[in-house]
Amino acid sequence: QVQLVESGGGLVQAGGSLRLSCAASGSIFSINTMGWYRQAPGKQRELVATMTTGGRSNYADAVKGRFTVSRDNAKNTVYLQMNSLKPEDTAVYYCNINLIPWRDSQLRDYWGQGTQVTVSS
């Protein structure tokens, strides 16, 4: 069993900052890509940022220069530092971790439970 636990969402004024965390635990053999997605009301889930095992990051154009993804491999944790937040960043944020479970041979996607981020104008 693999569990992902997110934390760090909340309400913030425009221009403020938040930091999200997502920790993976359980029967994990190895972790590949870690990242974040978001889903606003009435919209499809979209990529926010990802980071490979080697540290290569990828960002949605809408968040470049404002958000920073990072990971602590020793803690199986991925972070999302969000600065200069805008009302349009309001969404439920989901962490996504691509990993191989123990006694498995395939990469599988796991999702966090989601955390609400609300940015007021």
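Hydrogens, waters and symmetry mates are skipped; everything else that's a heavy atom, side chains included, is used.
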*Among all residues two or more places apart in sequence or in another chain, which pass the salt bridge (Lys or Arg N to Asp or Glu O under 4.0 Å) test with Asp104?*
Arg108
*Does Ser27 reach the side chain of Gln1, with side-chain heavy atoms less than 4.5 Å apart?*
no
*Using only heavy-atom distances, determine whether the side chains of Asp72 and Thr77 contain a donor-acceptor pair under 3.5 Å.*
no
*Judged by modelled atom types alone, do Gln116 and Thr118 share a side-chain donor-acceptor pair under 3.5 Å?*
yes
Report, one line per pair, each donor and acceptor closer than 3.5 Å where one atom sits in a side chain of residues 41-56; sequence neighbours left out.
| from | atom 1 | to | atom 2 | distance (Å) |
| --- | --- | --- | --- | --- |
| Glu46 | OE2 | Arg38 | NE | 2.8 |
| Glu46 | OE2 | Arg38 | NH2 | 3.3 |
| Thr52 | OG1 | Gly54 | N | 3.4 |
| Thr52 | OG1 | Gly55 | N | 3.4 |
| Thr52 | OG1 | Arg56 | N | 3.0 |
| Thr53 | OG1 | Ile31 | O | 3.2 |
| Thr53 | OG1 | Asn32 | O | 3.3 |

_Test: ring-ring contact (aromatic ring centres under 6.0 Å, His included). Region: residues 86-121. Which pairs qualify, not counting sequence neighbours?_
Phe29-Trp102, Tyr37-Trp111
_Val117 and Thr90, any side-chain heavy atoms less than 4.5 Å apart_ = no
*Any sub-3.5 Å donor-acceptor pair from Gln13's side-chain atoms to Ser121's backbone N or O?*
no
_Please enumerate all residues that pass side chain to side chain contact (heavy atoms under 4.5 Å, CB included) together with Ser30, with sequence neighbours excluded._
Ile100
*Give every residue pair that meets the side-chain hydrogen bond (donor to acceptor under 3.5 Å, both in side chains) criterion with at least one member in residues 59-71, sequence neighbours excluded.*
Asp61-Lys64, Arg66-Asp89, Arg71-Asn73
*Would you say the side-chain atoms of Thr33 pair up with the backbone N or O of Asn98, donor to acceptor, closer than 3.5 Å?*
no
*asked:* Could you see if Val92 belongs to whatever hydrophobic cluster contains Leu4? Use Ile, Leu, Val, Met, Phe, Trp, Tyr and a side-chain cutoff under 4.5 Å.
replied: no
_Pairwise side-chain contact, Leu20 with Tyr79, heavy-atom cut-off 4.5 Å (strictly under)_ = no
*asked:* With a 4.5 Å cut-off on side-chain heavy atoms, are Trp36 and Cys22 touching?
replied: yes
_With sequence neighbours excluded, residues passing side chain to side chain contact (heavy atoms under 4.5 Å, CB included) with Ser7_ = Ser21
